[in-house]
Amino acid sequence: MRKVVLNSTPIIILRNIGRMDLLKQLYENVYIPYGVYEEVNIVENCQIEDFIKIVKIKNEEAKQFFPTRLHKGEVEVMILAK
């Protein structure tokens, strides 16, 4: 099964239309960095499904190499996916 790293937008949109089940059908596990978890909780204020794994970025220094126009979650998605 493929691994996928998500930003907050697909999670928020799928939750809004009641179709989080699509992610579970497509992927056994979905990974999100902690920054995305924070963004989803601010917008949605809800529980994350059990198939979504939250990962803390270990290399905090890597964030400095990304443009500051990006949100914390976007930067962490790129780091985690790499």
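Predicted, not measured: the structure shown is a model, and the values here were computed from it.
- Among the candidates Ile54, Ile57, Asn7, the single residue satisfying the side chain to side chain contact (heavy atoms under 4.5 Å, CB included) test with Pro33 is Ile57.
- Among Val55, Val77, Val5, Leu6, the one residue that satisfies the side chain to side chain contact (heavy atoms under 4.5 Å, CB included) test with Ile32 is Leu6.
- Using a distance-only test at 3.5 Å, with no hydrogens or angles considered, a donor-acceptor pair links the side chain of Glu76 to the main chain of Gly35.
- With sequence neighbours left out, Leu22 forms a side-chain contact (heavy atoms from CB on, under 4.5 Å) with Leu14, Arg19, Gln25.
- Considering only residues two or more places apart in sequence or on other chains, Ile13 meets the side-chain contact (heavy atoms from CB on, under 4.5 Å) condition with Thr9.
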Please lay out, stage by stage, how Ile11 and Met20 fare under the test side chain to side chain contact (heavy atoms under 4.5 Å, CB included). CA-CA 7 Å; Ile11 296 170; Met20 285 297 288; 4.2 Å; yes
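- Residues that satisfy the side chain to side chain donor-acceptor pair (under 3.5 Å) test with Asp50, not counting sequence neighbours, are absent from this structure.
- Under the rule for a ring pair (Phe, Tyr, Trp, His ring centres under 6.0 Å), Phe51 has no partner lying at least two apart in sequence or in another chain.
- Taken from CD1 in Ile52 to OH in Tyr27, the straight-line distance is 12.5 Å, to the nearest 0.5 Å.
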